[in-house]
**Q** 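Below is a structure I'd like to ask you about.
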Amino acid sequence: MDIKNLQYLMGHSDAGVTLNVYTHASYAHAAEQMAKISQIRQSSDSKKEEDSAAEKAANMVVVS
């Protein structure tokens with residue numbers, strides 16, 4: 001359920017109240033989320049490197 005619907009159903013005037021009441025942070029969950037972010041960044045960096053290499057190859061002029 002998204003936070004705005006939960007806010008409405010609980011009768012909270014602000015989504016911040018709902019988040020403070022119904023969410024809890026933990027080291028294990030934070031570490032899991034950081035690992036996901038790291039994977040996304042590595043994947044993005046690899047894609048950029050591949051795109052750059054392909055662009056350089058496309059821009060090469062063959063002189064005969």
Side-chain angles (χ1 to χ4, degrees):
M1 176 179 299
D2 66 84
I3 192 64
K4 291 302 284 184
N5 282 321
L6 184 58
Q7 171 197 346
Y8 176 77
L9 292 171
M10 295 290 106
H12 298 148
S13 61
D14 187 291
V17 172
T18 309
L19 287 168
N20 286 332
V21 171
Y22 295 104
T23 59
H24 308 284
S26 71
Y27 177 79
H29 188 66
E32 179 183 312
Q33 296 304 308
M34 288 301 296
K36 287 181 181 180
I37 290 169
S38 181
Q39 288 174 345
I40 291 168
R41 290 188 71 191
Q42 288 174 356
S43 175
S44 176
D45 290 345
S46 295
K47 177 72 172 136
K48 287 178 187 174
E49 289 174 8
E50 290 171 8
D51 290 348
S52 178
E55 185 177 326
K56 286 178 184 177
N59 290 329
M60 294 179 97
V61 177
V62 177
V63 178
S64 2

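Just so you know, residue 1 is the first one in the sequence shown, and it goes up from there.
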**Q** Please identify each residue that fulfils salt bridge (charged side-chain N to carboxylate O under 4.0 Å, His left out) with Lys4, with sequence neighbours left out.
**A** none
**Q** Tell me, please, which residues at least two apart from Tyr8 pass side-chain contact (heavy atoms from CB on, under 4.5 Å).
**A** none
**Q** With respect to His12, which candidate in Asn20, Leu6, Ile3, Thr18 satisfies the side chain to side chain contact (heavy atoms under 4.5 Å, CB included) definition?
**A** Thr18
**Q** Restricting to side-chain contact (heavy atoms from CB on, under 4.5 Å), what partner residues turn up for Val21, sequence neighbours left out?
**A** Val17
**Q** Using the test side chain to side chain donor-acceptor pair (under 3.5 Å), find all partners of Asn5 that sit at least two apart in sequence or belong to another chain.
**A** Asp2
**Q** So which pairs with a foot in residues 27-45 pass side chain to side chain donor-acceptor pair (under 3.5 Å), sequence neighbours left out?
**A** none
**Q** Residues two or more places apart in sequence or in another chain: which of them pass side-chain contact (heavy atoms from CB on, under 4.5 Å) with Met34?
**A** Ile37
**Q** Indicate yes or no: at least one non-hydrogen side-chain atom of Met1 is less than 4.5 angstrom from one of Tyr22.
**A** no
